[in-house]
Amino acid sequence: MSLAIPTVLDLSKPLQLSAALLPDLVLMAGAMILTVFAAWRPDSKSHQRAVGWASIVVTVLSLVAVVSFLLRGYRAGPGPIAVDNYRWMVDIVILLGTMLTVMLAIDDNDRQEITAPETHVLVLLASSGMMLLAAARDLMIVFLGIELMSISVYALAGINRRSVRSAEGALKYFLLGAFSTAFLLYGIALVYGATGATNFETIGMRALADGGSIAGGPLCLVGIALLLVGFGFKVATVPFHMWAPDVYDGAPSPVTAYMAATVKTAAFAAFLRAWLEAFPAAFNAWHPAVVGIAVATMVFGNAIGLWQKNIKRMLAYSSIGHAGYVLVALAAGTTQGASAMIFYLLIYTLATFGCLAVVSSLTPSGSGTVLLDELPGLWSVRPWTAFSMAILMLALLGFPIFGGAGFFAKWYVIQAALQSPVPQTLLVVVLVLTTVVSAGYYLYVVMVMFMKPRLEGLTLPARAGGLTRIVLVATVVLLLVLGFVPDYVVRLTWAGQPQLATSTADHLYVPAALPPR
């Protein structure tokens, strides 16, 4: 006698709710157990590596649970926890980033003599907060997820206790992060005051009542504006980006990659779900603001990136520019834009971790970063490292040859923007022009490595550890493969999108307040 596997989870039952949170609970439980294990020998290199390997095992177990739920097609109706393919795909990107972070950190901690095993525990705790964000369909759960993520990342940014730059970056991040959290919480309070609810679907329905009068009221509009500020800080959009360059530069390279890619993925996932599920009636209010922020972010991030000589700061401004590209997908206001966003974040995550793996391998012990002046002639001494870095730069640029995955990521975002009910022509034009501008610093790195002679006196640190090399090879190979078969991943992300408050077709979301074309 065989038991039928249900295809729908009824979240009204506590057991079913626990099942829906199983991947998150696996990660949280693993982090709690490893916290105790890490405390036994707090300053030991071997213990640091042991906790790191155990963290990888916990991440894999959580990933297996997510993939299992994805393949079984679990869905759920209204409730505080989302159960849909959108959540599972975001979780996969988050857990991939978590695994790559821990792998890089095991080697980088040895190189930089960071013996604290709690590094890996903090990564697991931050990732559990990110997974909660991806699952949140309630503003209070969004707040809890952001706080769990942020507090852990604040500590990670300053984990290198011997580095003044790391401590300075962590302090700036903490102070500005607390400031942005106040905006977010006040915004939640105002939205609750206007609608009497914190659940996304309930907010969306009540805001649509009486011809959208509640959504157009000052209380709701100010709350939405404050939420936009809070989310803008987490994803480092202009003008809420001021913390990113210093924090990314001061943090250890694995943590920089984690903040630039994985934190951004989780925040954007919650950002999109909240905007499209809770505030469709206020589309005419928030859409111009998102468009303006996207334009400013793309222009500023790429323009300032041209002047950077420090690779980590260059990647920080590159990250700001990429946040603007992702906002283009969000501004489309469609489930096609949601699919494009997930694929873009996957490609960006792989490219970012690959770049920081190179930076980590080239960073001497006791040093925080690598300057462009140290890269001339890298091809002659580390040919495979130079070749990998070139592929990664082309992927971030979106160059069709060798960087095909990045090209298709931008292409899907452009398609979503142009096929929106109101075509986002301005955003597409700015995206294309700023991508051309970004070639100035991405291709400059390639030119320096391959076309400038190696200067006398330039020395290189010992070759990277085995895990760092695995991360570099894996990210490059995946980017090359996805450049040839991007459609499969996009179709998978398309299969299940946020359960929007209103929809007129299976794959198209039309905001209720959208003016006729």
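Residue indices begin at 1 and follow the sequence shown.
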Run the side chain to side chain donor-acceptor pair (under 3.5 Å) check on Q336 and Q415 step by step: do they pass? CA-CA 9 Å; Q336 183 182 2; Q415 275 191 322; 4.5 Å; no

Criterion side chain to side chain contact (heavy atoms under 4.5 Å, CB included) on R137 and R87, from CA distance to verdict: CA-CA 11 Å; R137 298 189 71 206; R87 172 192 171 185; over 6 Å; no

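Here Y317 and H241 keep their ring centres 6.0 angstrom or further from each other. Checked against a 6.0 Å centroid threshold, the rings of W243 and F233 count as neighbours. Aromatic ring centroids of F183 and F179 lie under 6.0 Å apart. The six-membered or imidazole ring of F343 lies away from that of W411, with a centre-to-centre distance of 6.0 Å or more.
Between F271 and F268, the ring planes are parallel. Angles under 30° get that label, and only those over 60° would be called perpendicular. Note: Y173 and Y154 have perpendicular aromatic rings, judged against thresholds of 30 and 60 degrees for the angle between ring planes.
For the residue pair Y442 and S318, a side-chain donor N or O sits within less than 3.5 Å of a side-chain acceptor on the partner.
For S152 (side chain) and L148 (main-chain N/O), a donor-acceptor pair under 3.5 Å exists by modelled atom type.
We find the OG1-CD distance between T202 and E277 to be 10.5 Å, quoted to the nearest 0.5 Å. Here F279 contributes atom CZ and L221 contributes atom CG; the two are 10.0 Å apart, rounded to the nearest 0.5 Å. With values rounded to the nearest 0.5 angstrom, M259 atom CE is found 5.0 Å from T256 atom OG1.
For the pair V413/Y325, no side-chain contact is recorded, criterion being any heavy-atom separation below 4.5 Å from C-beta on. Considering only heavy atoms from C-beta on, T237 stays 4.5 Å or farther from F231 through its side chain. At least one side-chain heavy atom of D84 sits less than 4.5 Å from a side-chain heavy atom of R273. Side-chain contact between L427 and M298 is present, with heavy atoms from C-beta onward closer than 4.5 Å.
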